[in-house]
Trainee: 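I am attaching a structure below and will ask some questions about it afterwards.
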Protein chains: 2
Amino acid sequence: MNDQTLIPLHTLKVSCSNCSLRELCLPVGLNREELAQLDAVIRQSRRMKRGEFLFRSGENFKSLYAIRTGFFKTCVSSQDGREQVTGFLMSGELMGLDGISSSVHGCDAIALEDSEVCELPFSRMESLGRDIPSLQHHFFRLMSREIVRDQNVMLLLGNMKAEERLAAFLLNLSQRLSSRGFAANDFVLRMSREEIGSFLGLKLETVSRTLSKFQQQGWIVVDHKHIQLVKPDSLKELIAGCAHANGQ
Amino acid sequence: MNDQTLIPLHTLKVSCSNCSLRELCLPVGLNREELAQLDAVIRQSRRMKRGEFLFRSGENFKSLYAIRTGFFKTCVSSQDGREQVTGFLMSGELMGLDGISSSVHGCDAIALEDSEVCELPFSRMESLGRDIPSLQHHFFRLMSREIVRDQNVMLLLGNMKAEERLAAFLLNLSQRLSSRGFAANDFVLRMSREEIGSFLGLKLETVSRTLSKFQQQGWIVVDHKHIQLVKPDSLKELIAGCAHANGQ
DNA sequence: AAATAAGCTTGACGCTTGTCAAAGCGGATT
DNA sequence: AATCCGCTTTGACAAGCGTCAAGCTTATTT
């Protein structure tokens, strides 16, 4: 349900020298001068350890963050300690868009593995957008894409049963990983069963049971966090009829 | 969960001559020339009958629509006929933001009562934004606000029980109506029980039963679509601890 | 005005999922 | 290498909500 990358990452060389994120999540089609302007605005990348907060709900919003490498979750927490995971994000995806509306971050962003992000100071990106129309348009598209993603999650949470939710979740991960050049049917989950459950509106026991059920049916192989999709088509059948549920 | 109005509507006179929506959902702080530019871009208002589609999922996206008067729902429909209502929208609120990402509308927008909307051609708004920074910033804020709203709905669907969902729903409607100058505790629902249920991830019978339960407890009075909140504080207690659930 | 349809309420029942509990496993730490 | 702790799995049971069905009210049609 989350893929904000416009160009396939594996087709590009990532320049590690100065963390210019334009290869990762910014549009192609800029001329040399525009790229130079962009480079001047994008800050050095920041390295993060697993478990570290990139930002917290309530902090002042100044920047968007693009994931260079690694894996994050975003979540809103309630006063009594319950947390709702609102997304799992991987390389090339953007975090912090919800902070623009009130100049305060509306969620926490937490690294689920050692990661590297690029900081995009928003007000400078905004003014750069006025000089570079295609950049401005790209930001509107990114924000709209986030809205579409969220609506798909609403569909999932409002209409689907546990098995359908988990199938949609696995297929979405698979699709996003494969678009980044990783194996589509063999991957390692970066999040716990509890975090999956929070995202899908299920309890961790239900997640565990449902994964076991898929395995018993020979559709997947579960070895702790290592997942293999043996019969992805069976998973797809499960969510056939649930439009849009299979990611974008 | 949805209030995209930046200035209280009831403090403003709505100029009915030419549907300039700037009073409704566009920012204050523009000078005379900027307002003239805006007026040139905003199209005549369009009147709609109850049940009419403003746009449909899959249609080409060209414009955003601001509600001048009336009430809408937006929903995504699945292939097998199930529908998920993704929002209920009232005057001053904006529809169509999800279409920017792919140039195709991602949901249906349907009038729930006779309504009037203003069309905002997006590409012209986009270029106008480059000339008027505060307008550009306002659009980013509107889109971000929609993301925050959607995340709150995810929290509702993922974490809350039927009673909590319905309490949050009623209080959110109440708050948005009162910010428009209507009574906060006495209003008429424009949507059916089934549509409420679709939005809240519940079946219509559960919506009906839960409303009856609230009434039995003396918290509300239900007379078909006419709702009175007798003890709104009791509803608020119900969702205390569900952060952000009470709208923005 | 009668007839029909659509929406709403309420009850009985069953399924899905949550809750509580116990035990297994693996990774981290010392 | 041994111990501890967190995560996961699995079972038994309960609760909440969905499903099915009947009857009701209101709105629409003829």
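A, B, ... follow the sequence lines: proteins, then strands. Residue 1 opens every chain.
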Trainee: Could I get the full list of side-chain contact (heavy atoms from CB on, under 4.5 Å) partners for A:T210, not counting sequence neighbours?
Mentor: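 Listed in chain order: A:A162, A:E163, A:L166, A:T206, A:F214.
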Trainee: Salt bridge (Lys or Arg N to Asp or Glu O under 4.0 Å) with B:K203: which residues, sequence neighbours excluded?
Mentor: none
Trainee: Sequence neighbours left out, what passes salt bridge (Lys or Arg N to Asp or Glu O under 4.0 Å) with B:R193? Give chain and number order.
Mentor: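 Here no residue qualifies.
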Trainee: Is B:S57 reaching over with its side chain to a backbone N or O of B:V76, donor-acceptor style, under 3.5 angstrom?
Mentor: no
Trainee: Going 5' to 3' along DNA chain D, which nucleotides are the first and last within contact of chain A (any atom under 4.0 Å from a heavy atom)?
Mentor: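 Reading along DNA chain D, I get D:dT8 to D:dA12.
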Trainee: I want to check something: taking the side chain as every heavy atom from C-beta on, are A:L204 and A:S192 in contact at a cut-off of under 4.5 Å?
Mentor: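 A side-chain contact is absent here, since even the closest heavy-atom pair is not under 4.5 Å.
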Trainee: Could you check whether B:F199 and B:F88 have their ring centres less than 6.0 Å apart?
Mentor: yes
Trainee: Using heavy atoms and a sub-4.0 Å distance, could you list which residues of residues 186-193 of chain A are near DNA chain D? By number, please.
Mentor: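 A:S192, A:R193, in order of number.
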Trainee: For the helix from C:dA1-D:dT30 to C:dT30-D:dA1, measure the angle between the helix axis at one end and the axis at the other, each built from five pairs, rounding to 10°.
Mentor: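 About 50°, once rounded to a multiple of 10°.
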Trainee: Polar atom pairs between nucleotides 16-19 of chain C and protein, under 3.5 Å, N or O only, would you list them?
Mentor:
unit_1	atom_1	unit_2	atom_2	d
C:dT17	OP1	A:A162	N	2.7
C:dG18	OP2	A:K203	N	3.4
C:dG18	OP2	A:T206	OG1	2.4
C:dT19	O4	A:R209	NH2	2.8

Trainee: Measure from the side-chain N and O atoms of B:S212 to the backbone N and O of B:S208, and report whether any donor-acceptor pair falls under 3.5 Å.
Mentor: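 Yes, the answer is positive, given that a donor and an acceptor are paired below the 3.5 Å cut-off.
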Trainee: What residue pairs, at least two apart or across chains, pass salt bridge (Lys or Arg N to Asp or Glu O under 4.0 Å) with a residue in residues 47-58 of chain A?
Mentor: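 Output for this query lists A:R46-A:E52, A:R47-A:E116, A:K49-A:D114.
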Trainee: For the side chain to side chain donor-acceptor pair (under 3.5 Å) test, which of A:D98, A:D108, A:T86 pairs with A:T74?
Mentor: A:T86
Trainee: Quick one: salt bridge (Lys or Arg N to Asp or Glu O under 4.0 Å) partners of B:R209, sequence neighbours excluded?
Mentor: none
Trainee: Judged by atom type as modelled, is there a donor-acceptor pair below 3.5 Å linking the side chain of B:Q151 to the main-chain atoms of B:V148?
Mentor: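 Absent.
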Trainee: Check for a donor-acceptor pair, side chain of A:S91 on one end and backbone N or O of A:R68 on the other, with a separation under 3.5 Å.
Mentor: no
Trainee: In chain order, what residues pass the salt bridge (Lys or Arg N to Asp or Glu O under 4.0 Å) check against B:D223, with sequence neighbours excluded?
Mentor: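 Salt bridge (Lys or Arg N to Asp or Glu O under 4.0 Å) check on B:D223 returns nothing, list empty.
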Trainee: B:F61: what forms a ring-ring contact (aromatic ring centres under 6.0 Å, His included) with it, not counting sequence neighbours?
Mentor: B:H105, B:F122
Trainee: Without swapping roles, check the side chain of A:S174 against the backbone of A:A184 for a donor-acceptor pair under 3.5 Å.
Mentor: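 Yes: the side chain of A:S174 pairs with the backbone of A:A184.
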Trainee: Counting only non-hydrogen atoms, which of residues 218-228 of chain B are less than 4.0 Å from DNA chain D?
Mentor: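 Of all residues in residues 218-228 of chain B, the ones placing a heavy atom under 4.0 Å from DNA chain D are B:H224.
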